[in-house]
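Values in this document were obtained by computation on a predicted structure and should not be read as measured data. Each chain gets a letter, A, B and so on, in the order its sequence line appears, and its residues count up from 1.
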Amino acid sequence: MNFTEKIAAGVQTAVAKLYDHEVDIDNVMITNTRKEFTGDYTVVVFPFTKVAKKKPVDIGQEVGEALKAGLDLVADFNVVNGFLNLSIDNAYWLQFSQELFKTENFGQAPANGKKVMVEFSSPNTNKPLHLGHIRNILLGWSCAQILDRAGYEVIKTQIVNDRGIAICKSMLAWQKFGEGETPTSSGIKGDFLAGKYYVLFEQKFKAEYKIWQETTVAKELIKDNIKSEQSESDFWKNYKNKYFNNYSELGEEAKAMLLKWEDNDPAVRQLWSTMNSWVYEGFEETYKALGVDFDKLYYESNTYLEGKRIIEDGLEKSVFYKKEDGSVWIDLESAKMDQKLVLRSDGTSVYMTQDIGTAQLRSEDFGMDKMVYVVGDEQDYHFKVLFETMKRLGAPYAEGLHHLSYGMVDLPTGKMKSREGTVVDADELIKDVVEVARLNMVDRNEVTGKGDDEMQEIIRRIGMAALKYFIIKVNPKKRMVFNPNEAVDIQGQTGPYIQYAFVRAKGVYEKALQENINLSLADNYSTLEPVEKELIFQISQYPGLVLQAAEGYDPSMIANYCYGLAKGFNKLWHEVSILNADQPATIAYRVKLSKLMSDTLKDGMQLLGIEMPDRM
RNA sequence: GGCUUUGUAGCUCAACUGGAUAGAGCACUUGACUACGAAUCAAGAGGUUACAGGUUCGAAUCCUGUCAAGGUCACCA
């Protein structure tokens, strides 16, 4: 039982005795005492005014006296307004820290026997990964790590969007204009090569569209359909899709290719798998640079036909209904949503059908209790509909479905737009941050004295820490601004700052080992400075925080915690001496405390996918 | 237009999910190295939490309305 639980129980009995009233233990409000007041924990006594029929200050005084008399660990108390501040006896803090020194795998919750699947990344195979994917990947990876630490069995997965009209566009452009170019022949990374032809298709299509707009067909069309307040260019912008489907030659060819693909045409399938394999090789490199991997991949080309069977079942159970034209729908108006199509009139699947099928497939494969989809917030509605549908279908895991929705990443100049070439490419960004880290290192003249490989690895870890921390410290659901200059910062609330605190603490510990300092003397330490207590207090929050972050699917909580912890240690570093303290017991205690701090920091950062360097 | 998300210091973000005088970093001032490593620390300045009402002991947080920005309303994925 930890301190807050003991205090809560104490408050419960005190209130029962004093005011003859049973309070639910969950309703006892305990917070950490704010810095400007003395104390460690604060009990909010306002809720008791009704039952006690007294002023908050008096209640605080009475409950405080009862706690001080009844609980050994409460050394002292003071009351400010309706807040009862409790100071924990130093002996308890010391005892508590001694226990932590011995604890292995601090922060790891016991296995809870539940399986959770986390889907993230899930790219299209027609272009390379960009900054938006990085946020997705970091969130997904981190979420998986946190759930693991919280006691779940975690399966990391993605659905690879390897089929559809977009891929056919790349394929067609390559076929028409590629002249047999390959990653090997051109030296271009596979995903970039596929992206190159996707862009090329769009350019050619645009040119074709432009010419068509001058034809008599087009002129009559716009005359009949343009709205009075609409400009011509707006009209054509809106008409683009219709042109692609109804008039465009390139569109016609691309659609024909998609049909051939669906018909298993050998030549098209061959081209398709060749180009996709280029892309996969490219992706693999990027994933490796980001330090992530997956346990199981699902390919849309395998799952896009799934789900029809479930639709049939659902029709029998009247979850869905069929219209005269044969299309199948679900009516979600009772849940304040719309009617939604789940099967086209020609019997083919839509996005929703696929997702229903994929969920089912995954359940058959793994039997998970929960499923987390890391997908951008533009799909909020889609997932709301999907989850409600799964609930109505009676899927056993329906209650465990969660959409980890995150906001778009903006640049200081505004939105990333592929058309305007402002998309920040993932590979390039990774290269850039590592390069800035290297230049920083050179500035410090610290390049000497370490092996080249070791140095490169340290630089890489620092650069990646800066990038990753910058992105993951922001609450997922918020839209964020990515300023490249700030992302490579190493001062203040940054990844390298946290790494620095870690390196310091670990350095002290290693030096103590070298000097054969007797660490068991820590048991004799008895004074405990305020900065030390502050640090133990922060460390004590860690396991609870992991559970909270898991429950809220929110890695940013861990990121902010790690910063606070690093800051606490840096403060201690400046206020007291560790290896030069005057008593051997003090030295031993502080060395152990540093070790505990660095272990906790390393664990927390690992949950964010950030590696710690041995030196900096 | 319907539904939905967000709005906090000049900038980037916090605020233990309704608690105390809204906190950090960057940038700007000012102090602290002959290293347990200053990639650090200490201090200063910076706020009508978009706005207006309401709920209550207590609101950045909950409710209503207004404004602003984004998303979404395809037999696309």
Counter-base of [N], judged by Watson-Crick or G-U geometry with both distances under 3.5 Å:
| N | value |
| --- | --- |
| B:A69 | B:U5 |
| B:A45 | none |
| B:U40 | B:A32 |
| B:U64 | B:A52 |

Distance in angstrom units between [X] [atom1] and [N] [atom2], rounded:
| X | N | atom1 | atom2 | result |
| --- | --- | --- | --- | --- |
| A:Asn570 | B:A32 | CG | P | 20 Å |
| A:Gln548 | B:U17 | CD | P | 7 Å |
| A:Tyr304 | B:A77 | OH | P | 11 Å |
| A:Leu258 | B:A77 | CG | P | 10 Å |
| A:Glu36 | B:A22 | CD | C1' | 11 Å |

At under 4.0 Å between heavy atoms, what does [X] touch on the DNA or RNA strands: base, sugar-phosphate, or nothing?
| X | result |
| --- | --- |
| A:Ile462 | base |
| A:Asn32 | base |
| A:Asp410 | nothing |
| A:Met480 | sugar-phosphate |
| A:Val474 | sugar-phosphate |
| A:Lys477 | sugar-phosphate |
| A:Asn85 | base |
| A:Gln541 | nothing |
| A:Asn241 | base |

Looking only at the side chain of [X] (C-beta and beyond, no hydrogens), which of the listed nucleotides [options] gets closest?
| X | options | answer |
| --- | --- | --- |
| A:Met441 | B:A38, B:A39, B:G71 | B:A39 |
| A:Tyr500 | B:G19, B:A38, B:G71 | B:A38 |
| A:Trp329 | B:C75, B:A20, B:U12 | B:C75 |

Can you confirm whether more than 12 heavy atoms, excluding those of A:Lys506, are under 6.0 Å from its NZ atom?
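Result for NZ/A:Lys506: enclosed.
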
Mind checking the [atom1] distance from [N] to [M]? Whole angstroms is fine.
| N | M | atom1 | value |
| --- | --- | --- | --- |
| B:U21 | B:A68 | P | 34 Å |
| B:A45 | B:A24 | P | 13 Å |
| B:C73 | B:A14 | C1' | 34 Å |
| B:C67 | B:U49 | C1' | 16 Å |
| B:A9 | B:U66 | P | 24 Å |
| B:G54 | B:C11 | P | 30 Å |
| B:G25 | B:U40 | P | 11 Å |

Is [X] side chain donor-acceptor paired with the [N] base, going by distance under 3.5 Å alone?
| X | N | value |
| --- | --- | --- |
| A:Asn485 | B:A27 | no |
| A:Asp489 | B:C26 | no |
| A:Thr494 | B:A39 | no |
| A:Ser345 | B:C75 | yes |

Aromatic plane relationship, [Y] with [X] - under 30° parallel, 30 to 60° tilted, over 60° perpendicular:
| X | Y | result |
| --- | --- | --- |
| A:Tyr243 | A:Phe205 | tilted |
| A:Tyr41 | A:Phe3 | perpendicular |
| A:Phe387 | A:Tyr373 | tilted |
| A:Phe201 | A:Phe244 | perpendicular |

Reading RNA chain B from 5' onward, which residue's closest nucleotide shows up sooner: A:Asp338 or A:Asp554?
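Its nearest nucleotide lies further toward 5', so the answer is A:Asp554.
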
Taking OP1 and OP2 of B:A20, is either one under 4.0 Å from a side-chain nitrogen or oxygen of A:Arg34?
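Result: yes.
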
